[in-house]
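Let me begin by presenting the structure, written as structure tokens, before commenting on it.
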Amino acid sequence: MQAGEGKLTLVVIGVGLIGGSFALALKRAGKVGRVIGVGRSAANLERAIELGVIDEASHSAADAVRHADIVLVATPVGQMARVFADIAPQLPAHCVVTDGGSTKSDVVALMRAHLAGHLAQCVPAHPIAGSDLSGAVAAQYGLYDNRRIVVTPLPETAAAAAALVRELWQACGARVYEMSAAEHDAVFATVSHLPHLLAFAYVDMIVAKPDGERCFDFAATGFRDFTRIAGSHPEMWRDIALANRDALLAELDGYRAALDSLRDELASGDAAALTSRFERAREARHGWHQKFLRGNA
């Protein structure tokens, strides 16, 4: 079923920032007629209904998907094996299954393991939009406006299923890109997953210092900007780190080598090398930021 043929029944498993904002955007676009939210917290689901994020709530993913046209699994990656296993026996043949996970190779493997008979309708995806907020209250209209969405269809994915997922994300205002799961994971280990690990490790290092509280007392805007993502969901980022372990280990090794080089320059008082390094980084960051602003104008 294509979105243009009628309003779809959407099931969102994990009603938070990603899943809730997807539902709100599709409601506003007139693409879905019924949204069923699935989650563990009764309070969160009740709040989601109050806010108009979902129309109905269920604690059973298997029951919720019986009449679904599309299912978005927006749980932490570590919960997806259980979710896929639960919904597999009840999925209608036409129902498209997608996800919002930040890693893709592991999601593909889980789909193969638990949804082997439904792979033609599986379309892994990653919306590049985030926040340090969670739960239904974090859902917002416009979260995906002009944001990038990466889809990583399987070789078995039907063209119509992939087209529907692209159409729905575009209806949310997003720009959709396609790549392989392996390429996706390598790219995002560099530009998303590693920065989160560094922010968590840096803040944790300060916590362990004898004068840690004193340091926090004097932290200002630079600290705020550098550590914002350390306020992200610990369970979700634990799962992402473990799921993308190999790519992240390579990135950490590269970063450690860069730190060792920086330490040598500092220890030797090599002002020219430090200046050159800082200038390269500043110019690269400035160039990225200008491109980012143009892309999100």
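Predicted model only: the values in this text are computed from it and were never measured. For the single chain, residues carry numbers from 1 onward in sequence order.
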Does the side chain of S261 come under 3.5 Å of the side chain of R277 through a donor N or O and an acceptor N or O? yes
Any side-chain to backbone donor/acceptor pair from S276 onto A272? Under 3.5 Å, distance only. no
Is L242 reachable from I240 through a run of hydrophobic residues whose side-chain heavy atoms are each under 4.5 Å from the next? no
State, yes or no, whether a side-chain contact exists between W237 and I229 at a heavy-atom distance under 4.5 Å. no
Under 3.5 Å, is there a donor on one side chain and an acceptor on the other for T103 and D185? no
I want to check something: taking the side chain as every heavy atom from C-beta on, are L252 and L197 in contact at a cut-off of under 4.5 Å? yes
So I149 and V165, side chain to side chain contact (heavy atoms under 4.5 Å, CB included) or not? Walk me through it. CA-CA 10 Å; I149 307 297; V165 172; over 6 Å; no
Look at R263 together with D260 and state whether they make a salt bridge at an N to O cut-off of under 4.0 Å. no
Are the side chain of S58 and the backbone N or O of V38 linked by a donor-acceptor pair below 3.5 Å? no
Can we say K27 and D55 salt-bridge, meaning some charged N sits less than 4.0 Å from an Asp/Glu carboxylate O? yes
Answer yes or no: is there a donor N or O on one side and an acceptor on the other, between the side chain of Y144 and the main chain of I18, under 3.5 Å? yes
Before giving the answer on side chain to side chain contact (heavy atoms under 4.5 Å, CB included), spell out for T152 and E178 the whole-Å C-alpha distance, their side-chain angles and the decisive distance to 0.1 Å. CA-CA 6 Å; T152 63; E178 183 172 326; over 6 Å; no
Does the pair Q79 and E235 meet the rule for a side chain to side chain contact (heavy atoms under 4.5 Å, CB included), with working shown? CA-CA 10 Å; Q79 298 176 19; E235 181 184 18; 3.3 Å; yes
Write down the atom of V35, the atom of A23, and the distance for their closest heavy-atom approach. CG1-CB, 3.9 Å
Any heavy-atom pair between the side chains of L143 and L17 that's under 4.5 Å? yes
Residue pair I87, I13: steps toward the side chain to side chain contact (heavy atoms under 4.5 Å, CB included) verdict: CA-CA 10 Å; I87 66 176; I13 303 175; 4.1 Å; yes
Any idea which heavy atoms bring A74 and G14 closest together, and the distance? CB-O, 3.5 Å
Within the distance-only criterion (no hydrogens, no angle test), does the side chain of H59 pair as donor or acceptor with the backbone N or O of G39 below 3.5 angstrom? yes
Ignoring hydrogens and angles, tell me if any N or O in the side chain of T157 forms a donor-acceptor pair with the backbone of L154 under 3.5 Å. yes
Are Y202 and M205 close enough that some pair of their side-chain heavy atoms sits under 4.5 Å apart? yes
State, to 0.1 Å, how close M111 and C122 come at their nearest heavy-atom pair, and which atoms those are. SD-CB, 3.6 Å
Does L72 share a hydrophobic cluster with V107, counting links as ILVMFWY side-chain heavy atoms below 4.5 Å and allowing steps through other members? no
In terms of hydrophobic clustering (I, L, V, M, F, W, Y; side-chain heavy atoms under 4.5 Å; direct or indirect links), are V11 and V97 co-clustered? yes
Enclosure of R245 CZ (heavy-atom neighbours >12, cutoff 6.0 Å): no
Keeping the roles fixed (side chain from N244, backbone from H193), state whether a donor-acceptor pair exists under 3.5 Å. no
Measuring from T275:OG1 to E279:CD, what's the distance to the nearest 0.5 Å? 6.0 Å
Given 3.5 Å as the limit, does a donor-acceptor pair link the side chain of D86 with the main chain of A62, or not? no
Just verifying a value: how many Å separate S41 OG and E46 CD, rounded to the nearest 0.5 Å? 8.0 Å
Residue pair V151 / P124, side-chain heavy-atom distance below 4.5 Å: no
Taking the side chain as C-beta and beyond, is there a heavy-atom pair between E251 and T190 under 4.5 Å? yes
CG/L91 to CD/Q121 distance, rounded to the nearest 0.5 angstrom? 9.5 Å
Measuring from D69:CG to K31:NZ, what's the distance to the nearest 0.5 Å? 13.5 Å
Would you say that I36 contacts L10 through its side chain, given a criterion of any heavy-atom pair below 4.5 Å between the two side chains? no
Within this structure, what is the CZ-CZ distance for the pair F223 and F218, rounded to the nearest 0.5 Å? 14.0 Å
Answer yes or no: does atom NE2 of H67 have more than 12 heavy-atom neighbours from other residues, nucleotides or ligands under 6.0 Å? no
Answer whether the closest heavy-atom distance between the side chains of L266 and D264 falls below 4.5 Å. no
Heavy-atom neighbours of H289 NE2 exceed 12 at 6.0 Å: yes
Output yes when a side-chain donor or acceptor of R175 lies under 3.5 Å from a complementary backbone atom of N146, and no otherwise. yes
Are the charged groups of R66 and D63 less than 4.0 angstrom apart, N to O? yes
Establish whether V203 and F200 are linked, either directly or via other cluster members, by ILVMFWY side-chain heavy-atom contacts under 4.5 Å. no
On a heavy-atom basis, which atom in P153 and which in A162 lie closest, and how many Å separate them? CG-CB, 4.5 Å
Let me confirm one number: the CZ-CZ distance from F292 to R294, rounded to the nearest 0.5 Å. 12.5 Å
Test item: D239 side-chain N/O and G78 main-chain N/O as donor-acceptor pair under 3.5 Å: yes
Is a side-chain donor-acceptor pair under 3.5 Å present for Q140 with S21? no
Please determine whether residues V176 and I70 belong to a single hydrophobic cluster, defined as Ile, Leu, Val, Met, Phe, Trp and Tyr linked transitively by side-chain heavy-atom distances below 4.5 Å. yes
Taking K104 for its side chain and A125 for its backbone only, find out whether a donor-acceptor pair lies under 3.5 Å. yes
Note: R47-E50 ion pair, threshold 4.0 Å (strictly below): yes
